[in-house]
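See below for the structure under consideration.
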Amino acid sequence: MPDDAKPDSRTLLRQAALTYHETPRPGKLEIRATKPLANGRDLSLAYSPGVAEACLEIKDDPANASRYTARGNLVAVVSNGTAVLGLGNIGALASKPVMEGKAVLFKKFAGIDCFDIEVNESDPVKLAEIVCALEPTFGAVNLEDIKAPDCFIVEQLCRERMNIPVFHDDQHGTAIVVGAAATNALHVAGKDWGEIKVVSTGGGAAGIACLNMLLKLGVKRENVWLCDIHGLVYEGRAEDMNPQKAEFAQASDKRTLEDVIEGADLFLGLSGPGVLKPEQVARMAAKPIIFALANPTPEIMPDEAREVAPDAIIATGRSDFPNQVNNVLCFPFIFRGALDVGATEINDEMELACIEGIAALARATTSAEAAAAYQGEKLTFGADYLIPKPFDPRLSATVSSAVAKAAMESGVATRPIEDLAAYKEKLRGSVFKSALLMRPVFEAARTASRRLVFTEGEDERVLRAAQAILEETTEQPILIGRPEVIEARCERAGLKIRPDTDFTIVNPENDPRYRDYWGTYHEIMARRGVTPDLARAIMRTNSTAIGAVMVHRDEADSMICGTFGEYRWHLNYITQVLGTEKMHPHGALSLMILEDGPLFLADTHVHSDPTAEQIAEAAIGAARHVKRFGLHPNVALCGRSQFGNQDTESARRLRGALEILDSAPRDFTYEGEMNIDSALDPALRERVFPGSRMQGAANVLIFANPDAASGVRNILKMKGGGLEVGPILMGLGNRAHIVTPSITPRGLLNMAAIAGTPVAAYG
């Protein structure tokens with residue numbers, strides 16, 4: 001294909017978008033059952049006759065609909081397709097991909113189920129009647145892409161007649177995110193709501209809603225100048241007016257944007273491309289705030305604005321510029337909070353709470369997950385980072401809980417939440433799969449202030465984990481690395497922590513303890529071929545060995561290493577320094593958090609060919625750790641052999657481990673040897689080995705071969721959607737843990753909590 005025949009980026013995007021929507025099956029949504037339907041009994045419960053019991057409960061008390069049906073977590077996304085994105089009035093059917101997309105965002109970001117409902121009805125009153133008639137089905141309604149001024153009529157009628165939240169996202173979602181961005185923009189610019197002059201272009205639903213929100217935040221009405229395609233909205237104007245615009249009419253002889261832009265502090269554009277000219281920006285106030293939100297081409301491009309106003313604070317609606325005003329920051333979470341308290345409406349108090357929650361998150365340190373999703377961007381609060389990114393997982397807990405609290409305080413909640421802190425923690429658990437399971441571990445870690453040394457202290461994941469540790473625990477991080485590198489990387493990542501202020505550093509290149517460290521290492525290793533010169537070299541270059549020496553010298557309580565390198569390489573140095581006859585590695589335990597619950601696997605890394613004694617040690621150590629998570633250990637010894645049906649070498653070792661476990665009382669349940677399916681399926685196990693001592697599914701699998709354990713671990717991670725916590729190094733008194741190079745900052749935080757639990761709790 002000649003160069004001039006190559007498809008342009010627009011064509012490539014179009015092809016990719018169409019393929020995305022078409023394959024592997026058309027559309028972006030499907031419906032799945034939440035209850036089993038595998039036999040006649042299930043059928044009798046799901047439908048006749050059992051379903052009648054749920055019907056009668058709801059008949060007696062309508063509030064039971066949220067208890068026995070999906071209504072309490074179900075939102076209708078409703079549109080007539082009259083104002084779809086920048087495409088205009090394309091009709092209800094053509095709007096369906098957008099409404100499906102909206103439903104996907106609800107599910108992805110807030111776990112809310114949706115039905116998209118496209119209605120062929122252009123009359124706003126009739127459309128409102130249709131929506132109102134749907135109230136028995138849904139817990140809330142999201143109106144979408146309905147043209148102005150019809151959208152005002154539809155929303156008003158629905159709000160008056162319905163006893164569930166009705167929210168027109170084009171209006172209020174945009175207004176909330178604009179409000180959050182403007183809150184922080186004023187903070188950066190050093191300006192006050194009551195003093196700024198606002199000039200806006202665009203008299204549609206979103207524009208009017210944004211101006212109303214700015215008034216609620218403190219802008220004075222007389223300082224708001226609204227322009228549309230016909231010029232300034234002024235008192236006495238008759239052309240293209242409606243009551244909503246008339247609220248912002250100015251008593252003035254000025255008539256154009258050019259006339260009113262002088263001295264403006266905030267330009268709010270929800271109109272079209274090129275509306276704001278560079279020369280007009282030059283006439284705005286110092287540190288002008290420019291929200292050019294037209295899509296896909298804004299009212300002015302950011303680089304054009306900065307040419308004449310280098311100190312401008314700019315937001316757009318595009319993802320390829322900083323400060324994208326994106327409604328997904330708002331609507332999933334305001335609905336989450338509203339649904340969870342059974343709110344009858346979404347009111348001003350809830351919207352303002354949503355604004356403050358979003359704005360406060362941007363002022364806080366960026367989450368590691370958001371940083372990973374937006375690699376290469378500097379996510380530090382300031383002119384180029386006014387609002388958080390949509391993939392910041394803290395949005396759910398922060399914003400939804402703020403909305404729920406506001407709903408309760410304003411009296412519109414029908415199911416108030418008694419413990420908001422527990423509710424917020426539950427929301428965190430819905431985003432961070434490890435949060436709820438790790439709660440008892442974090443609580444135990446908070447009872448002691450332990451010193452944790454991270455041997456790869458220059459790694460950004462470690463730095464983010466260190467900041468989280470300081471925010472969420474009482475532990476004291478110590479980082480091994482070069483101070484100037486750590487300082488620069490903290491700055492680049494937008495972290496608030498700084499060396500020697502928030503944490504201490506061991507600098508391998510220049511540390512006053514160097515002589516003591518190599519001397520200690522040489523003393524330990526002198527009869528294992530390590531000369532003084534080699535000890536000096538290792539203490540200059542090997543951060544794992546340095547960390548182990550620190551723990552040995554009681555300058556740290558535990559160490560965490562392994563963000564790069566091979567597991568057994570790290571294990572070698574840890575065992576050299578910290579291993580004793582009584583205290584030695586028993587195995588590596590990985591906790592896999594799956595959709596249906598946790599599953600522990602061992603030994604995934606330590607023993608290449610474990611003996612029966614080592615398998616038994618791994619089982620005992622695993623059971624001890626499982627209890628730290630508040631769970632009862634149900635341990636299965638797994639291999640190819642099933643209860644003695646094979647006489648292989650691995651089967652003999654598993655049976656030997658079982659004999660060792662049987663030799664003394666144990667405070668956990670165990671059984672073996674068996675296949676993995678028998679371990680996880682109690683019915684199958686009962687068929688092949690009736691009367692097994694184990695009840696229910698195993699939650700700990702101990703393998704005779706580390707290749708099998710590691711293979712299961714990786715399959716569950718890559719194909720089963722499992723989230724790993726660990727590996728947890730067993731047998732060294734919780735003094736050392738070796739992670740793997742795929743570890744995330746959240747994973748390091750989890751490991752810090754495990755390492756931060758008092759030593760007496762572990763073996």
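Everything numeric here is computed off the predicted structure, so don't read it as measured data.
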Between the main-chain N or O of Gln642 and the side-chain N or O of Asn645, is there a donor-acceptor pair closer than 3.5 Å? yes
I'd like to know if the side chain of Arg666 reaches the main chain of Leu661, judged simply by a donor and an acceptor atom lying under 3.5 Å from each other, with no hydrogens or angles considered. yes
Here the pair of heavy atoms bringing Pro477 nearest to Phe503 is O-CB, 3.3 Å
Other residues, nucleotides and ligands only: do more than 12 of their heavy atoms fall within 6.0 Å of CD on Glu30?
yes
Requested in this report: Given side-chain hydrogen bond (donor to acceptor under 3.5 Å, both in side chains), test Thr520 with Arg553 step by step and report yes or no.
Outcome: CA-CA 8 Å; Thr520 297; Arg553 291 170 55 87; 3.0 Å; yes
Do Asp603 and Ile702 touch side chain to side chain, with heavy atoms closer than 4.5 Å? no
(Q) Tell me whether Arg735 is salt-bridged to Asp557, with the criterion being a basic N under 4.0 Å from an acidic carboxylate O. (A) no
Salt bridge between Asp609 and Arg653, side-chain N to carboxylate O under 4.0 Å? yes
Could you tell me whether a side-chain N or O of Thr504 sits under 3.5 Å from a main-chain N or O of Asp500, the two making a donor and an acceptor? no
### Side-chain ion pair, Glu566 and Arg568, N-O less than 4.0 Å
no
Side chain to side chain, Ser558 and Arg450, heavy atoms closer than 4.5 Å
yes
Checklist entry - Under a 4.0 Å N-O cut-off, is there an ion pair linking Arg451 with Glu555? => result no
Please tell me whether Asp662 and Tyr670 have a donor and an acceptor in their side chains that are separated by less than 3.5 angstrom. yes
Discussion item. Quick one, Tyr567 and Pro727 - any side-chain contact, counting heavy atoms below 4.5 Å?
Written reply: yes
Nearest heavy-atom approach of Ile505 to Arg513 is O-NH2, 3.5 Å
**Prompt:** Do Tyr521 and Gln576 have side-chain atoms, one donor and one acceptor, less than 3.5 Å apart?
**Reply:** yes
Looking only at heavy atoms, the pair that brings Ser678 and Arg685 closest together is O-NH1, 2.8 Å
Query raised in the report: Do Ile593 and Val725 touch side chain to side chain, with heavy atoms closer than 4.5 Å?
Result: yes
Looking at Asp647 and Arg652, is there a salt bridge between them, counting it only when a charged N and a carboxylate O are closer than 4.0 Å? yes
- Query: Ion pair present between Arg464 and Glu460, side-chain N to carboxylate O less than 4.0 angstrom?
  - Reply: yes
Q. Salt bridge between Arg336 and Asp340, side-chain N to carboxylate O under 4.0 Å?
A. yes
**Message:** I'd like to know if the side chain of Gln614 reaches the main chain of His586, judged simply by a donor and an acceptor atom lying under 3.5 Å from each other, with no hydrogens or angles considered.
**Reply:** no
| So, does Asp113 use its side chain to make a donor-acceptor pair with the main chain of Lys107 at under 3.5 Å? | no
Near Arg527 CZ, under 6.0 Å, is it more than 12 heavy atoms from other residues, nucleotides or ligands? no
Item checked: Any donor-acceptor N or O pair under 3.5 Å, side chains Lys717, Ser742 -> yes
Check your understanding: Taking atom types as modelled and ignoring hydrogens, do the side chains of Thr669 and His632 form a donor-acceptor contact shorter than 3.5 angstrom?
Key -> yes
Practice prompt. Using a cut-off of 6.0 Å, state whether more than 12 heavy atoms not belonging to Glu523 lie near its atom CD.
Written response: no
State, yes or no, whether a side-chain contact exists between Asn542 and Ile546 at a heavy-atom distance under 4.5 Å.
no
| said: Under a 4.0 Å threshold between the charged nitrogen and the carboxylate oxygen, would Arg536 count as salt-bridged to Asp533? | reply: yes
Open item on the list: Can you confirm whether Val549 sits close enough to Asp516 that some side-chain heavy atom of one is under 4.5 Å from a side-chain heavy atom of the other?
Closed with: no
Discussion item. Would the distance check show the side chain of Asn705 and the main-chain N or O of Ser608 forming a donor-acceptor pair, the cut-off being under 3.5 Å?
Written reply: no
Handout entry: Within 6.0 angstrom of Glu484 CD, more than 12 heavy atoms from elsewhere
Key = yes
Residues Pro682 and Gly696: closest non-hydrogen pair is CG-C, 3.4 Å
When you measure from the side chain of His737 to the backbone N and O of Leu729, does any donor-acceptor pair fall under 3.5 Å?
yes
*If you measure from the Lys or Arg side-chain nitrogens to the Asp or Glu carboxylate oxygens, is any gap between Arg489 and Asp459 under 4.0 Å?*
no
N-O pairing of Lys424 and Asp419 below 4.0 Å: no
Are any side-chain N or O atoms of Asn634 and backbone N or O atoms of Asn699, one a donor and one an acceptor, separated by less than 3.5 Å? no
Validate the cation-pi geometry between Arg540 and Tyr514: distance from NZ or CZ to the six-membered ring centre under 6.0 Å, angle to the ring axis within 45°. yes
Tell me if a side-chain donor or acceptor on Asp681 pairs with a main-chain N or O of Asp677 at a distance below 3.5 Å. no
query: When you check the side-chain N and O atoms of Glu456 and Ser543, is any donor under 3.5 Å from an acceptor?
result: no
*Between the main-chain N or O of Leu748 and the side-chain N or O of Arg461, is there a donor-acceptor pair closer than 3.5 Å?*
no
Check: Any side-chain heavy-atom pair from Pro706 and His605 closer than 4.5 angstrom?
Finding: no
In terms of relative ring orientation, are Phe643 and Phe689 parallel, tilted or perpendicular, with 30° and 60° separating the classes?
parallel
Mark yes when over 12 heavy atoms from residues, nucleotides or ligands other than Arg41 sit less than 6.0 Å from its CZ; otherwise mark no. no
Does Arg640 pair with Glu673 as a salt bridge, N-O distance under 4.0 Å? no
